[in-house]
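Numbering of ligands and ligand atoms starts at 1, following listing order.
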Amino acid sequence: MMTVYNFSAGPSVLPEAVLARAAIGLRDYDGCGMSVMELSHRSKQFRQIIERAEAALRRLMRIPDEYSVLFLQGGASTQFAMVPMNLSRPVAAAAYINTGNWSERAIAEGRLFGPVDVIASSADKNFRYIPRGCRVPPDAAYLHITSNNTLEGTRFADIPETGPVPLVADMSSEILSREIDITKFGLIYAGAQKNIGPAGLTAVIVRTDLVGRQTGNLPTMMRYDVHCEARSLYNTPPCYAIYVAGLVFEWLEQLGGVAAVAELNEAKARVLYDFLDESRLFGNSVERPDRSIMNVPFTTPSDELNEKFLAAAEADGLLTLRGHRLVGGMRASIYNAMPLAGVQRLVEMMHQFEQENSGSSHV
Ligand code: PMP
């Protein structure tokens, strides 16, 4: 069978070793004779699963005790609403930095629940950069950033300093890909389906003193304090997804943790960007200091050539390289589980394609 590499932006590639272990747990968890999917979420086996997953994530990200770790449902999109529902203040605006499509979604949702102040935006250059040096209003309820922009291929290389204002980050497409200082953040959230595990699970890491300060009535399922109190077991959590996430965390620990995978991620991204910077056919238009090491958009000079490339890549086992429908072109998502060999294969194929189609140069 041909080895294929899956460059999907999410749901995306999972480590081979994790899939092999998950396949065992699918039939029989730890010799108990039941599938993980059949276990009661109140059973001792599932408690062990969720506690192990949380402990591993805490070790990996060095999450201090003052933070709660929640395993929720509803995707990152539900967090667009839960953040303002729980953290907004009637008198103070919530500050947002607009760095692309997912920021815009978060901002639109924020506006449903209170005043929003978009303190910076890179819309003027089609989101090809990350705004710098923004002044955060000292009385803002929070500052929300999308730390890695999955469609546009940008990331905050430096995390903004917000002083006493809680910093909230949508880290869906980069969580666990580089070392971060958790204490800079009030709240971090991430849909699991990129660097954590299967779709259906959302990780939230929240400084516990920010929890329980909501004004007015909220639906119970939308309250962080309820989920913190119940340790993610207020209702039935996404059990199987949490199990697989735990396996991914353990895989990452065996690899040497976040520092080790970050080094690998930098190496993978370098291979691809070095090629793009030399290429006469392919190009990436993101400002260099702001390039994402997780999502790398690129194009040829024409839609026709893009289509030809995508077909050739697919025939070569290089899958899901089509750019997001709002952006077009191509995008290689090179999350933690993408091996260096996959990126090298992609670059070899791009190189060959360039030689065969060298009539047109990139503009
Ligand atoms: N934020 C970012 C940065 C994303 O990449 C995505 C999904 N691709 C979302 C939010 C939305 O996530 P979900 O589909 O889990 O709601």
How close does the nearest protein non-hydrogen atom get to atom 11 (C) of ligand 1, and which residue and atom is it? Trp102 CZ3, 3.5 Å
I need the nearest protein heavy-atom contact for atom 5 (O) of ligand 1: residue, atom name and distance, please. Thr150 OG1, 2.5 Å
Protein contact to atom 8 (N) of ligand 1 [nearest heavy atom, distance to 0.1 Å]: Lys194 NZ, 2.8 Å
Side chain His227, main chain Met221, donor-acceptor under 3.5 Å: yes
Over 60° means perpendicular and under 30° means parallel, so tell me whether Phe353 and Phe282 are parallel, tilted or perpendicular. tilted
Are Phe71 and Glu54 close enough that some pair of their side-chain heavy atoms sits under 4.5 Å apart? yes
Please determine if Asp170 has a nitrogen or oxygen closer than 3.5 Å to a nitrogen or oxygen of ligand 1. yes
So for ligand 1, is Ala76 a polar contact partner (N or O within less than 3.5 Å, distance only)? yes
May I ask you to decide whether Lys184 forms a salt bridge with Asp158, counting only side-chain N to carboxylate O separations under 4.0 Å? no
Looking only at side-chain N and O atoms, does Ser68 offer a donor or acceptor that is under 3.5 Å from a partner on Thr208? yes
Is the closest heavy-atom distance from Gln79 to ligand 1 below 4.0 Å? no
Which residue supplies the protein heavy atom nearest to atom 16 (O) of ligand 1, what is that atom called, and how far is it? Ser77 OG, 2.6 Å
Donor-acceptor pair, distance only, cut-off 3.5 Å: does the side chain of Thr146 make one with the backbone of Asp170? no
Considering distance alone, does some N or O of Thr146 sit under 3.5 Å from an N or O of ligand 1? no
Check each heavy atom of Arg105 against ligand 1 and say whether those closer than 4.0 Å belong to the side chain, the backbone, both or neither. neither
Taken to the nearest 0.5 Å, the spacing of Arg322 CZ from Thr320 OG1 works out to 11.0 Å
Looking only at heavy atoms, is any part of Tyr189 under 4.0 Å from ligand 1, and if so is it the side chain, the backbone, or both, or is it neither? neither
Would you mind listing which atoms of ligand 1 come within a distance below 4.0 Å of any non-hydrogen atom of Phe80? 10 (C)
Going by atom types only, do Ser333 and Asn295 share a side-chain donor-acceptor pair under 3.5 Å? yes
Salt bridge or not between Arg178 and Glu266? Use side-chain N to carboxylate O under 4.0 Å. no
At the 4.0 Å heavy-atom cut-off, does Gln193 count as touching ligand 1? yes
Atoms of ligand 1 less than 4.0 Å from Gly75 heavy atoms? 15 (O), 16 (O)
May I ask you to list the atoms of ligand 1 that are less than 4.0 angstrom from any heavy atom of Ser172? 1 (N), 2 (C), 3 (C), 4 (C), 10 (C)
